[in-house]
Protein chains: 2
Amino acid sequence: MKHSVSRENYIKAIYHLQQDETTVTTNELANALQTSAASVTDMLKKLKARKLLQYEKYRGVRLTLDGRRLAIQIIRKHRLWEYFLVEKLHFGWEEVHEIAEELEHISSLKLIDRLDEFLDFPQADPHGDPIPDINGRMPVNKQVNLQELPLHIAAAVCNIGDQTPEIMEVLNHNNIRIGTKLEIRKKFDFDNSLEVKIRNYPPFTISEHLAQKIFVKHEKPGSA
Amino acid sequence: MKHSVSRENYIKAIYHLQQDETTVTTNELANALQTSAASVTDMLKKLKARKLLQYEKYRGVRLTLDGRRLAIQIIRKHRLWEYFLVEKLHFGWEEVHEIAEELEHISSLKLIDRLDEFLDFPQADPHGDPIPDINGRMPVNKQVNLQELPLHIAAAVCNIGDQTPEIMEVLNHNNIRIGTKLEIRKKFDFDNSLEVKIRNYPPFTISEHLAQKIFVKHEKPGSA
DNA sequence: AAAATAATTTAGATTTGTCTAAATCTCAAT
DNA sequence: ATTGAGATTTAGACAAATCTAAATTATTTT
Ligand SMILES: [Mn+2]
Ligand SMILES: [Mn+2]
Ligand SMILES: [Mn+2]
Ligand SMILES: [Mn+2]
């Protein structure tokens, strides 16, 4: 059950592309993996031989159960390592993806389960994507109040509690609108205020009162 | 400056073999890497082209300064990861080498420096081998009193303070002799007694008085 | 339905790292 | 100074993963 880095990257890419559509095309994969369509075709034949996917030529591709299981295992590794890098080694959430792209291929399963335990079984990675547990089960990704968003988890604003001009004024002032991606840098127990960071802006503080009106969603799986 | 896993493993193996002798032979390498002499010759030509080593056919091989620098960087990664696995993820020191053999090839240098900091700049890996610092400098590996041996660091007994029959009796009773490999599992502040573990025996406790007479040396670099 | 266009696969090479078997070199013993 | 054993290199092949260019199949347009 040992696979090359290349094969694992293909399986993961197919899994992500399969989320929306039922079947994934050669060109989509070539684009996602920054390779040629010819290379994709070659690899699909090999992965089919290993029974990781269903593939008929010109017909597109789908993962088998085994393929899906493998994909989820890789995603689990990827997201746990990302969480480790941000929470323990204090990397920024924008720089961890590339490193996790390598770490996700370390084979030891014992390692990843110990890491999970060490990190106290986190539910989501720094981009807000859910982390599969040891059995491959993932929590569903749903809307949450800004106050419940864990530290250093990227999320996108998806809802504002009520839309009075007074709220809009303060939101505008802080460049927050629907779709804005942000993360919480600090939580102050004293008054439950939050320090918030938006890319390209300096961090700023918002009150408990305002935070209660802001709802966010962890980012869609995609950049993983 | 990016190298394949295979090339890195060759460089590291040459570095270790070079410790004793000045020049490393094809067969020594083939044996160390569990591969054929022909494959070694092929690879040596490629590494020479990359200026990582000096090589004239039939004459054996030596690392250049660049090669040595690369080797030390890989060893730094290997030993820091081993330390992490034992200290943070609670692996046993006998099971970490294999996993570190993969982790040492993760390319990010920022990652390894952050890990070093996170681990509080450890001086030796769980097998007692010195960890090169960010500049590639390594502490020398010398004899130390058992009481100064850090937790979970494997070491070999190399000296007994004085050799009265009374000491010998208790040492024999605990199967401790010159060359015995052991590690400290716990230190009790109450009476400075130590819980000691020797492979294949259950852990046992020794008094401060006895520990003061036992000197140990971190293991030779070799299994790394 | 036929033609045009786009997507996909095949053909034929290339690179990296490996192998076995055969040829060649070195060195120590005679 | 030869020679034979052992070490090392060369020759020729193979598997994995990639590429470009050509051929084939699918889809869309007319
Ligand atoms: Mn990857
Ligand atoms: Mn992620
Ligand atoms: Mn290795
Ligand atoms: Mn070690």
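Proteins get letters first, then strands, A, B, ... in listed order; numbering begins at 1 in each.
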request  = Report the distance from atom CD of A/Glu56 to atom P of C/dT8, rounded to the nearest whole Å.
outcome  = 15 Å
ask   = Atom NZ of B/Lys45 and atom P of D/dT9: how far apart are they, to the nearest Å?
value = 8 Å
Review item, nucleotides 1-6 of chain D N/O atoms under 3.5 Å of protein N/O:
none

key: Footprint string (nucleotides 11-23 of chain C, 5' to 3'): B base within contact, S backbone only, - free, heavy atoms under 4.0 Å   = ------BBBB---
request  = With sequence neighbours excluded, tell me which residues meet ring-ring contact (aromatic ring centres under 6.0 Å, His included) with A/Tyr10.
outcome  = none
inquiry  = The criterion is side-chain contact (heavy atoms from CB on, under 4.5 Å); which residues satisfy it with B/Thr26, sequence neighbours excluded?
reply    = B/Ala37, B/Val40, B/Thr41, B/Leu44
query = For the pair made of NE2 in A/His3 and C1' in D/dA17, what is the distance, rounded to whole Å?
reply = 16 Å
query = Sequence neighbours excluded, which residues qualify as salt bridge (Lys or Arg N to Asp or Glu O under 4.0 Å) partners of A/Glu56?
reply = A/Lys48
key: Counterpart residues, side-chain contact (heavy atoms from CB on, under 4.5 Å), relative to B/Ala13 (two or more places apart)   = B/Leu29, B/Leu33
ask   = Expressed in angstrom and rounded to an integer, what is the separation of A/Tyr55 atom OH from C/dA7 atom C1'?
value = 11 Å
Do any side-chain atoms of residues 109-116 of chain B form donor-acceptor pairs under 3.5 angstrom with protein atoms, and if so which ones, sequence neighbours left out?
| from | atom 1 | to | atom 2 | distance (Å) |
| --- | --- | --- | --- | --- |
| B/Lys110 | NZ | A/Glu95 | OE1 | 2.8 |
| B/Asp113 | OD1 | B/Arg76 | NH2 | 2.7 |
| B/Arg114 | NH1 | A/Leu89 | O | 2.8 |
| B/Arg114 | NH1 | A/His90 | O | 2.9 |
| B/Asp116 | OD2 | B/Arg76 | NH1 | 3.0 |
| B/Asp116 | OD2 | B/Arg76 | NH2 | 3.2 |

note = Applying salt bridge (Lys or Arg N to Asp or Glu O under 4.0 Å) to B/Lys46 and not counting sequence neighbours gives none
inquiry  = At 10 degrees resolution, what angle do the end axes of the helix from C/dA1-D/dT30 to C/dT30-D/dA1 form when each is taken over five base pairs?
reply    = 10°
request  = Look at B/Lys57 and C/dT26 and indicate whether a side-chain polar atom (N or O) is within less than 4.0 Å of OP1 or OP2.
outcome  = no
With a 3.5 Å cut-off and sequence neighbours excluded, list the donor-acceptor pairs that the side chains of residues 62-75 of chain A form with protein atoms.
| from | atom 1 | to | atom 2 | distance (Å) |
| --- | --- | --- | --- | --- |
| A/Arg62 | NH1 | A/Thr22 | O | 2.6 |
| A/Thr64 | OG1 | A/Lys51 | O | 3.0 |
| A/Thr64 | OG1 | A/Leu52 | O | 3.1 |
| A/Thr64 | OG1 | A/Asp66 | N | 3.4 |
| A/Thr64 | OG1 | A/Gly67 | N | 3.2 |
| A/Asp66 | OD1 | A/Arg69 | NH2 | 3.4 |

message = Please identify which of these residues, A/Leu194, A/Asn159, A/Leu171, meets the side chain to side chain contact (heavy atoms under 4.5 Å, CB included) condition with A/Ile214.
response = A/Leu171
ask   = Can you name the salt bridge (Lys or Arg N to Asp or Glu O under 4.0 Å) partners of A/Lys57, sequence neighbours left out?
value = none
ask   = Do A/Phe204 and A/Ile198 pass the side-chain contact (heavy atoms from CB on, under 4.5 Å) test, and can you show the C-alpha distance, the side-chain angles, and the key distance before you say yes or no?
value = CA-CA 9 Å; A/Phe204 56 92; A/Ile198 300 179; 3.9 Å; yes
inquiry  = Please enumerate all residues that pass side-chain contact (heavy atoms from CB on, under 4.5 Å) together with A/Arg177, with sequence neighbours excluded.
reply    = A/Asn172, A/Asn175, A/Thr180
request  = Send over the distance from A/Asn31 CG to C/dA6 C1', rounded to a whole Å.
outcome  = 15 Å
